There are 2 protein chains.
Amino acid sequence: MKNISKEDYLSVIFKNLDEEGGIKPNIIASKLVVSNAAVTDMLKKLAKDGLVDYKPYKGIQLTAEGESYARNMVRRHRIWEVFLNEVVGMAWDKVHDEANRLEHSSSDDLINRMEEMLDYPEYDPHGDPIPSKSGRMPKLKKHRPLSDLNEGESGRVIRVNDFDQKFLVYISGIGVKLDEKITVKEKRSFDKSMEVIIKGKPWNISSKIAKNVFIEVK
Amino acid sequence: MKNISKEDYLSVIFKNLDEEGGIKPNIIASKLVVSNAAVTDMLKKLAKDGLVDYKPYKGIQLTAEGESYARNMVRRHRIWEVFLNEVVGMAWDKVHDEANRLEHSSSDDLINRMEEMLDYPEYDPHGDPIPSKSGRMPKLKKHRPLSDLNEGESGRVIRVNDFDQKFLVYISGIGVKLDEKITVKEKRSFDKSMEVIIKGKPWNISSKIAKNVFIEVK
DNA sequence: ATTTTAATTTAAGCATGCTTAAAAATAAAA
DNA sequence: TTTTATTTTTAAGCATGCTTAAATTAAAAT
Ligand SMILES: [Mn+2]
Ligand SMILES: [Mn+2]
Ligand SMILES: [Mn+2]
Ligand SMILES: [Mn+2]
């Protein structure tokens, strides 16, 4: 195989199955910013390659081979993110885009070496779990979006979505980072925005922001 | 621009102009392992992009823009090689192939960070000079292929060609590395093979080997 | 100078990964 | 249940970067 486009499709499918329990052509198209027609096309090719189980109109699944390929892509991506962040000193809001390209261009040998240098990290800089060489995925602690918390509740950040750099820059600016404590002071029903307390300071955040920050459930 | 194929063509053209003083479609085709027709095709595209000066049958030159793009590609490649070798601990016979892919997938920011971490190296693991951010190329000391040395002459290795992994594995095995002293004990006219002394030990090497190892001229 | 060989370019065609527009299937609303 | 809206697939077409085969040009040999 070995093909940047196919690798991207597989990653998107894998992550959505993992996080949402399902995937439709629709979602793939919007995540990869291509037309629905392009997705149908590629699904056929991936099916022919034996990587995807695809029944038109019915559903999309990964085959065993497709899943293990995809899992390895996620592993590559997240190891690159940790490496860029910890060894090269790149900010957490920049590593995702860089890793998105590097993940397709590195040998397994290089990935394994970086993993060893980093002493086998279990989570990437945004809290996402890193599959081991054998494919085992560390369990994420139980968590829910900040947007689900009620007034008065508080908890620690355990994961943030990493696909939008501007989002990461913004939340860094108000002090959000992994393991930081956040308290919901006020929640407004008309637009779902909320006032939160971070390091003693109050901040107003939109529901869009709150939906992409995840809080550990105690 | 930004395109793996075009970047590879530019690098090959630049290196050949730099090292041999000229370049023909022929050479490009063999270095990139594509047909001559593919080269003609691509030369037209690069000309249209304003990166190459191309007169059919007459000659190939880089424009100012093409040269600076190519120089930056060589810079990326060689900084990756040093980084992989020194930071990641990858053997000198493996870094070239890995860098050949990574060079297309990294931001200038990443390259500059790696360069800084490495304290601005001037030469890559095979002795090739690394262009600075501004494009300045460190001067290589005067040198000639080992194959040109006469019986009794000796000198230190200053550079080796890095494009064939097996070649590097082989010469490593007989003790050839940068700055190592080599003495020519015997030179056989019928096949240009020679017996050389490395670290006190005699070795028989073919002219093909000797042509790819470069010795500093005192 | 003529012939032969080698290098280069042109021509036609193929696979990949997209696009837009139209058709078909499914899901949602009335 | 019937109509409407949404999603998905099919169809046709385009750019890219290759290929092989044929034609052209340049270089080398006689
Ligand atoms: Mn990421
Ligand atoms: Mn991440
Ligand atoms: Mn190299
Ligand atoms: Mn090198």
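Just so we're on the same page: letters track the sequence lines, and every chain starts at 1. Keep in mind that this is a model prediction, so the values were computed, not measured.
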Check whether any side-chain nitrogen or oxygen of [X] sits under 4.0 Å from OP1 or OP2 of [N], and answer yes or no.
X	N	answer
A/Lys6	C/dT16	no
A/Asn3	C/dT16	no
A/Tyr9	C/dC18	yes

Backbone of B/Asp128 reached by a side-chain donor or acceptor of B/Asp124 within 3.5 Å: yes
Figure out the [atom1]/[atom2] separation between [X] and [N], and round it to whole Å.
X	N	atom1	atom2	answer
A/Asn26	D/dT6	CG	P	12 Å
B/Met42	C/dT10	CE	C1'	17 Å
A/Glu7	C/dT16	CD	P	16 Å
B/Lys44	D/dT16	NZ	P	14 Å
A/Leu46	C/dA15	CG	P	18 Å
A/Asp49	C/dA15	CG	P	15 Å
B/Ile60	C/dT9	CD1	C1'	12 Å
A/Ile4	D/dG17	CD1	C1'	14 Å

Exercise: do B/Asp109 and B/Ser107 side chains pair donor with acceptor under 3.5 Å: no
Residue A/Tyr54, side-chain atoms from C-beta onward, closest of D/dT9, C/dG17, D/dC18: D/dT9
Proximity to the side chain of A/Pro25 - top-ranked nucleotide from D/dG17, D/dT8, C/dT9: D/dT8
Selection residues 22-45 of chain B - residue pairs positive for ring pair (Phe, Tyr, Trp, His ring centres under 6.0 Å), sequence neighbours left out: none
NZ (B/Lys187) with more than 12 external heavy atoms under 6.0 Å: yes
B/Phe14: side chain to side chain contact (heavy atoms under 4.5 Å, CB included) partners, not counting sequence neighbours: B/Leu62, B/Glu67, B/Ala70, B/Arg71, B/Val74, B/Met137
Helix axis bend for the helix from C/dA1-D/dT30 to C/dA30-D/dT1 - C1'-based end axes, five pairs, 10° rounding: 0°
Are there any protein N/O atoms within less than 3.5 Å of an N/O atom in nucleotides 25-27 of chain D, and if so, which ones and at what distance?
unit_1 : atom_1 : unit_2  : atom_2 : d
D/dA26 : OP1    : B/Lys58 : NZ     : 3.4

Sequence-distant partners of A/Tyr9, ring-ring contact (aromatic ring centres under 6.0 Å, His included), two or more places apart: none
Intermediate values then yes/no, side-chain hydrogen bond (donor to acceptor under 3.5 Å, both in side chains), B/Tyr69 and B/Glu7: CA-CA 8 Å; B/Tyr69 199 113; B/Glu7 288 181 347; 2.6 Å; yes
Proximity to DNA chain C (any heavy atom under 4.0 Å), residues of residues 28-41 of chain A only: A/Val34, A/Ser35, A/Ala37, A/Ala38, A/Asp41
